[in-house]
Amino acid sequence: MVTITLPDGSKKEFESALSVMDIAKSIGSGLAKATLAGMVNGTLVDTTYIVESDSEVSIVTAKDEAGLKLMRHSAAHVMAEAIAKVYPGTKFAYGPAIADGFYYDVDSPEPISVDDLKKIEKEMKRIVKQNGKFERNELTRAEAEAKYAEDEYKLDNIKSAQGDVISFYSQGNFEDMCLGPHVPSAGKIGSFKLMSVAGAYWHGDATKQQLTRIYGTTFATKEELAEHLNRIEEAKKRDHRAIGKQMGLFEFHPKEAQGMAFWRSNGVILYRELENYLRSVGEENGFEEFMTPQIMNRELWEISGHWQNYADKNYTCEKDGKEYAVKPMNCPGALILYKSELYSHHDLPLRWAEFGHVHRYEGSGEIHGLVRVRGFTQDDAHVFCTPEQLQDEIKGCIKQIFEVYKTTGLEFDHIELSTKPEKSIGAQELWDKAEAALEGALTDLGIDFVLNPGDGAFYGPKIDFHLRDAIGRSWQMGTIQVDFSLPERFDITYVDAESNKQRPVMIHRAISGSLERFIGVLTEHYAGDFPLWLAPEQVRVLSVVDAYNDYACEVVAKLKKKGIRAKADTRNCKIGAKIREGELAKAQFLAIVGSNEVEAGSVSVRRRKVGDQGVMSVEDFAQALAEEIKSKALPPKAE
RNA sequence: GCUGCUGUAGCUCAGUCGGUAGAGCACUUCCUUGGUAAGGAAGAGGUCUCGAGUUCAAAUCUCGACAGCAGCUCCA
């Protein structure tokens, strides 16, 4: 039974929560401001609201995503009210709910710093305690423009709003233009915390004014908020920059090489294993490997367009009056190789792969650990094919990408299909064909994707595969792009069955995107505990005392013979300490050897995150490891 | 590149009111010969990012540069 308190104070009962929705709609918007204060299936749910927006009346609870979104958006309004009080004269641009919380872009007369957040938070708590109702007010476009004539952000928003009626929501002394919906009153907002202050451009446009963006998070209960904050703390420990340094994988020395990684031996192992795996996937799928020069002359980059279009992002140099650029892309190298031979339709498709080291002078604020660097390695490939072959070739690339992410245990956040942008080259007919080929390939393979209209490259549409890092940032990884531009610019052709010259289509594909970025995301995904085949240190053999050091070295030698990465820890310290250090170094297996093991020719095995595996013969141990490595099995689940 | 914050030992961080530096881990040496996450002792280690300024005196206050972090923008 559900009881609804109507605005006039009378109560109305309904049989179930499900039916409330329909009844609410039939009663109309007047009900929208009512609070559902009754019982749902016999349980008191005081965080259940009926809400109204421009488009619908709906029922949400704080347990739903929709309810949380409502709370978060409402919290943004409350924060705005608090800021307006603490910093009079502040103008408010835009304050949506986002994953886990909300933000508000504001233009305040004085800068807001992180230290001010406490002040704002305190004021927010006061507002929430007062429990002011969120009231919906509607103005005509003309009234709205007159009321906010002094506020350039509001005017801008009013201008881009649809319809002639503009809705505003107010609570306390604060009003903001908003489609709604909101929780019924400020007191319904759960536990919140202001997180950080950052800059953000108006309309996301770097040529426009920069506003102050204040981020906050909101959850239904204090406990859930604490849990969320704890999750963030835990996620920070997975940061690949910290783990990279701890595990001796990679590190950064910005003074000497800003935005470029220095790789230590453990990192090189990881890098090479991954590279070899990607190479083998390419080989299995008919790709041949090429290598092209690191530095090529200006004329080449003018033909490709990179000299002009990325003037400030290229590393260039001049020798004896000639100008050069360090390659920012690998495609021109591949095109030169294509052009130096004559290919017929019998030769197509040509599938050419290259682990290409490229350099791009990214802006200082854009660099981020391994995931955004100035020097990186693309597992690049270029497919030259006929328009008829295009879709099958795209499918082949998609399949490789899925295979690699499955093997490495990473899950896509989303897949994007980006179509023709405003500024583009190539005939509409070609674009249509290419977009249809990409979409057809995705659809045929039954893959869900997000359409991103107008976000393709200027030379062709593309499919991007996106992943998230430890703290939820999304990164573009694999990509499949169709290109009409470069075949044209380099004037490459193939000979068709009628002996006519035809223009091939070019596909650019990268599976990992870049080895660096892939390793960065992989490191965070596994918090350094990689699948065994990738783990830099697979086994560490620990001698209980000096007397067994020789045996420990023998075991290491036997393991190495089986292609297993093993090291002996023969230092003079307690076994407990050796175990601790082995665990901290994330050696996947610890093999402990003492008098018992020497006698029996065995090892006492301990697996990271799993625990004691008991005693086994060195041969059995080596065999089991070799099999797991060969199978590229994912690591066992923790605990 | 933009906005904000930060910069102390190899690492993680203390350092009050301005009076020229401290801890833990790591490192070196010695002792210790031990069974599943830290044995003990001693020692060494710093131009407090850099450059100016204020001051009798600056790690500390001010300005600038550089770098890092968060977000924004960008990512062929």
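In the text below, chain A, chain B and the rest are named by the order of the sequence lines, each starting its count at 1.
- Interface remark: the A/Arg372 side chain does form a donor-acceptor pair with the B/rC75 base, using a distance-only criterion of under 3.5 Å.
- A/Ile480 places its CD1 atom 15 Å from the P atom of B/rA76, with the value rounded to the nearest Å.
- If you take atom P in B/rA59 and the same atom in B/rA9, they sit 14 Å apart, rounded to whole Å.
- Across all strands shown, B/rU33 has no partner, as no Watson-Crick or G-U wobble contact with both distances under 3.5 Å is found.
- By the 30° and 60° cut-offs, the orientation of the rings of A/Trp202 relative to A/Tyr153 is perpendicular.
- Using the six-membered ring where Trp is involved, A/Phe250 and A/Trp263 have ring planes that are perpendicular, over 60° apart on the 30 and 60° scheme.
- Ring geometry for A/Phe384 versus A/Tyr338: interplanar angle of 30 to 60°, hence tilted.
- Taking atom P on both B/rU16 and B/rU49, the two are 15 Å apart, rounded to the nearest angstrom.
- The side chain of A/Glu366 approaches B/rC74 more closely than any other nucleotide in the set B/rC74, B/rA37, B/rU36.
- When rounded to the nearest whole Å, the span between CG of A/Asn596 and P of B/rG35 equals 12 Å.
- The partner of B/rC25 is B/rG10, by the rule that a Watson-Crick or G-U pair needs both atom distances under 3.5 Å.
- The side chain of A/Arg580 sits closest to B/rA37 out of B/rG4, B/rA37, B/rA76.
- One atom, OH of A/Tyr103, and another, P of B/rA70, lie 19 Å apart when rounded to the nearest Å.
- Comparing B/rG22 with B/rU8, their C1' atoms are spaced 10 Å from each other, to the whole Å.
- Within 3.5 Å, a donor on the side chain of A/Asp546 pairs with an acceptor on the base of B/rU33, or the reverse.
- Nucleotides of RNA chain B nearest to A/Ala198 and A/Ala457 differ in position, and the one nearer the 5' end is that of A/Ala198.
- Picking from B/rG39, B/rC74, B/rA76 the nucleotide with the shortest atom distance to the side chain of A/Pro328 gives B/rA76.
- Using a 4.0 Å cut-off, some side-chain N or O of A/Ser364 falls inside it from OP1 or OP2 of B/rG1.
- Aromatic ring orientation, A/Phe465 versus A/Phe412: tilted (interplanar angle from 30° to 60°).
- Side-chain atoms of A/Gln258 and base atoms of B/rG68 include no donor and acceptor less than 3.5 Å apart.
- If you measure from atom CG of A/Leu584 to atom C1' of B/rA26, you get 12 Å, rounded to the nearest angstrom.
- Pairing for B/rC74 is absent, with no Watson-Crick or G-U wobble pair whose two atom distances lie under 3.5 Å.
- Comparing B/rG4, B/rA76, B/rG35 by their closest approach to the side chain of A/Ser595 singles out B/rG35.
- Under the 3.5 Å distance criterion, with hydrogens and angles disregarded, a donor-acceptor pair is assigned to the side chains of A/Asp116 and A/Tyr87.
- Side-chain nitrogen and oxygen atoms of A/Arg606 include at least one within less than 4.0 Å of the OP1 or OP2 phosphate oxygen of B/rA37.
- Summarising the geometry, the separation between NZ on A/Lys236 and C1' on B/rA70 is reported as 9 Å, rounded to the nearest angstrom.
- Residue A/His306 has its side chain nearest to B/rA76 when only B/rA76, B/rA38, B/rU33 are considered.
- Of the listed nucleotides (B/rA76, B/rG35, B/rG68), B/rG68 has the atom at the smallest distance from the side chain of A/Pro254.
- In this structure, of B/rA76, B/rG71, B/rU36, it is B/rG71 that holds the atom nearest to the side chain of A/Arg473.
- Put simply, the side chain of A/Arg213 and the base of B/rA70 share no donor and acceptor less than 3.5 Å apart.
- Side-chain atoms of A/Tyr215 lie closest to B/rG71 of the nucleotides B/rA38, B/rG71, B/rC74.
- In this structure, A/Gly594 and A/Ser196 both approach RNA chain B, and ranking their closest nucleotides by distance from the 5' end singles out A/Gly594.
- Base pairing annotation: B/rA38 forms no Watson-Crick or G-U wobble pair, as no partner gives both donor-acceptor distances under 3.5 Å.
- At a cut-off of 3.5 angstrom, the base of B/rG1 holds at least one donor-acceptor pair with the side chain of A/Tyr201.
- Rounded to a whole Å, the CD1 atom of A/Ile112 is 16 Å from the P atom of B/rU3.
- Under the 30°/60° scheme for interplanar angles, the aromatic rings of A/Phe219 and A/His228 are found to be tilted.
- For B/rA57, there is no paired base (Watson-Crick or G-U wobble, both distances below 3.5 Å).
- At the phosphate of B/rA70, OP1 or OP2 sits under 4.0 Å from a side-chain N or O atom of A/His368.
- Of all nucleotides present, none satisfies the Watson-Crick or G-U wobble test against B/rC17 with each distance under 3.5 Å.
- With a cut-off of 3.5 Å on both pairing distances, B/rG45 has no Watson-Crick or G-U wobble partner at all.
- Under 4.0 angstrom from either OP1 or OP2 of B/rC11 there lies no side-chain N or O belonging to A/Arg241.
- Among the nucleotides B/rU32, B/rG35, B/rC72, the one closest to the side chain of A/Asn572 is B/rU32.
- Remark: C1' of B/rU32 and CZ of A/Arg571 are 15 Å apart, rounded to the nearest angstrom.
- Under the 3.5 Å distance criterion, with hydrogens and angles disregarded, a donor-acceptor pair is assigned to the side chains of A/Thr292 and A/Glu354.
- Using P as the reference atom, B/rA57 and B/rA23 are 29 Å apart when rounded to the nearest Å.
- Atom P of nucleotide B/rG68 and atom CD of A/Glu256 are separated by 11 Å, given to the nearest angstrom.
- Looking at A/Arg473 and A/Ile471, their side chains come closer than 4.5 Å, going by heavy atoms from C-beta outward.
- Side chain of A/Tyr459, nearest nucleotide from B/rA76, B/rA37, B/rG35: B/rA76.
- Applying the Watson-Crick and G-U wobble criteria (two distances, each under 3.5 Å), B/rC63 pairs with B/rG51.
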